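Below: one structure, written as structure tokens.
In what follows, chains carry the letters A, B, and so on, assigned in the order in which the sequence lines appear, proteins first and then strands, with residues in each chain numbered from 1. Note that the structure is predicted; figures quoted are calculated from it, not measured.
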2 protein chains.
Amino acid sequence: MSTLDSPADAGPAPSRRELNKAATRQAITDAALALLRGKGPGNFTVEDIAEAAGISRRTFFNYFGSTDAALASIVHGFLDNAIQQLRLRPADEPLLESARAALVALADPKAVAPLAELFSLTQQSPLMAHPELEAWDHCRAQVFMVARERLAGTPSEADELYVHALAGSVISCGKAAMEVWFNRRGPDLSPASLAELRQLLIDAMALLGTGFTTPAPSTSRSS
Amino acid sequence: MSTLDSPADAGPAPSRRELNKAATRQAITDAALALLRGKGPGNFTVEDIAEAAGISRRTFFNYFGSTDAALASIVHGFLDNAIQQLRLRPADEPLLESARAALVALADPKAVAPLAELFSLTQQSPLMAHPELEAWDHCRAQVFMVARERLAGTPSEADELYVHALAGSVISCGKAAMEVWFNRRGPDLSPASLAELRQLLIDAMALLGTGFTTPAPSTSRSS
DNA sequence: TCACGCGCTTACACTATGTGCAAGTTTGCA
DNA sequence: TGCAAACTTGCACATAGTGTAAGCGCGTGA
């Protein structure tokens with residue numbers, strides 16, 4: 001989201017309007033998350049969220065197209081952050097290495113906490129599947145674009161298959177690492193747990209880089 | 001496996017009720033596809049589909065949860081078919097090889113045609129994204145189960161990450177091949193086009209098997 | 001062959017979702 | 001200060017999705 005440390009920041013100038021909008025947006029997701037905690041997935045309506053956020057039902061729909069979309073914005077926030085990290089990596093670095101670095105950089109409590117809570121509240125509830133899948137796919141599209149930019153000008157510039165397959169696989173492996181981590185540790189955010197997440201992400205990218213050769217490749221847990 | 005009636009029939013005994021249900025289901029998807037052709041995505045309602053299929057609106061919802069779900073059943077049909085092919089492969093074969101074989105076996109006009117038309121009608125229309133992503137994810141879960149079964153008893157039985165990452169990557173690469181193929185050929189089902197699809201699927205699996213080492217790996221088109 | 005039971009279809013009613021529109025309110029700017 | 005643009009809100013309306021109970025068609029056993 002925002003890294004507003006010093007006065008001379010990248011933003012042009014956060015006007016009052018934009019601050020209000022950001023605040024409203026935040027109020028909506030907060031309210032939605034609170035209701036998810038309190039009532040469980042599928043047991044509250046847009047009207048409930050709007051009331052809890054102190055806005056009208058109509059205004060809710062000015063921000064999000066559905067309850068799901070409001071909750072998925074949490075996932076979007078995390079993944080957008082990941083993309084941002086990815087774009088910071090040097091362009092001549094192998095993409096797998098960049099992805100590994102970007103993901104590991106994101107494995108800190110601040111960034112993972114909302115995601116972990118969302119997962120713990122929606123686990124094995126297909127009600128959440130739709131917008132979450134869409135969020136990951138959006139991220140995939142971003143990775144695709146980064147990968148394409150990097151390959152621009154190289155001999156294989158036009159190899160769409162390579163770029164599509166790579167982007168999709170990177171996302172799948174990142175997702176797999178997150179999923180395994182959550183299955184093992186639940187919403188545990190302790191340093192040891194986060195270290196394991198980092199190792200899983202590293203291992204997942206390594207699997208991709210080695211073509212899934214050895215079924216027992218990792219240092220993170222070998223049965 | 002053997003019933004007295006038909007020579008090569010696998011079903012236990014298609015009763016009249018089941019035939020009716022199958023027919024209705026088919027009528028619904030046919031009607032939905034026809035409306036998609038005629039009016040474009042998002043420009044028709046459940047009521048329209050029901051009317052075209054000769055059933056009530058309520059009955060539609062007895063079969064599908066939404067218009068999207070009705071159309072996604074086409075994708076589901078294709079992917080279920082792929083899973084079936086995958087399960088026919090010998091259990092000691094490498095999974096990538098099995099996936100390659102299963103996918104190539106599915107690259108025939110009969111199986112691909114409905115999928116190709118659906119793609120051509122919904123391309124760059126996010127209205128279709130949700131249920132389609134869900135269909136792919138369902139397939140991913142199936143591949144995951146197959147992979148887990150195959151590794152049961154091997155030294156790496158408990159390596160969840162490996163299985164999750166592999167299943168996800170296989171799906172992503174299959175998806176990538178289909179996407180590239182459609183971007184190149186559109187709804188072209190000529191033998192040459194299908195041969196290219198097959199080659200793309202093979203190349204995609206090869207990329208996965210070689211860890212995406214060479215950015216210019218394929219025989220399918222190198223710019 | 002017939003009648004009973006069960007499953008599927010349907011109409012109805014109702015809640016929730018999502019959107020267009022116009023009026024009211026706040027913010028930016030000259 | 002005053003105007004214009006952006007944002008919020010209430011209202012109306014079309015559509016989605018579901019529970020319920022009555023009606024119809026299919027399978028089955030007497």
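Side-chain contact check for D80(A) and Q84(A): no donor-acceptor pair (N or O, by modelled atom type) lies under 3.5 Å. Side chains of Q199(A) and D203(A): a donor on one and an acceptor on the other come within 3.5 Å. A donor-acceptor pair shorter than 3.5 Å cannot be found between the side chains of D68(B) and S66(B).
Between the C1' atom of dA16(D) and the CD1 atom of I49(B) lies a distance of 12 Å, rounded to the nearest Å. dC7(D) atom C1' lies 16 Å from atom CZ of F64(A), rounded to whole Å. F60(A) places its CZ atom 11 Å from the P atom of dT19(C), with the value rounded to the nearest Å. Regarding F61(A), its CZ atom lies at a distance of 14 Å from the C1' atom of dG20(C), rounded to whole Å. Put simply, CD on E51(A) is 15 Å from C1' on dT9(D), counting in whole angstrom units. Remark: P of dT17(C) and CZ of F44(A) are 10 Å apart, rounded to the nearest angstrom. When rounded to the nearest whole Å, the span between NZ of K21(A) and P of dT26(C) equals 17 Å.
With the nearest nucleotide of DNA chain C identified for both G54(B) and R57(B), G54(B) has the one nearer the 5' end. Annotation: of the two residues near DNA chain C, E47(A) and R58(A), the 5′-most nearest-nucleotide partner is E47(A).
Phosphate contact (OP1/OP2 of dC26(D), side-chain N/O of N20(B), threshold under 4.0 Å): present. Listed pair T59(A) / dT8(D) fails the phosphate criterion, with no side-chain N or O lying under 4.0 Å from OP1 or OP2. Contact annotation: Y63(B) side-chain N/O to dT9(C) OP1/OP2 distance is under 4.0 Å.
One N or O donor and one acceptor, one from the side chain of R17(A) and one from the base of dT27(C), sit under 3.5 Å apart. Judged by atom type and distance alone, R16(B) does not reach the base of dC26(D) through any side-chain donor-acceptor pair under 3.5 Å.
Residue S98(A) is tested with R150(A), R89(A), R87(A) for a side-chain hydrogen bond (donor to acceptor under 3.5 Å, both in side chains); the sole match is R150(A).
Within a 6.0 Å radius of CD in E47(B), no more than 12 heavy atoms belonging to other residues, nucleotides or ligands are found.
Nearest nucleotide to the S15(A) side chain, out of dT10(C), dG28(C), dG17(D): dG28(C).
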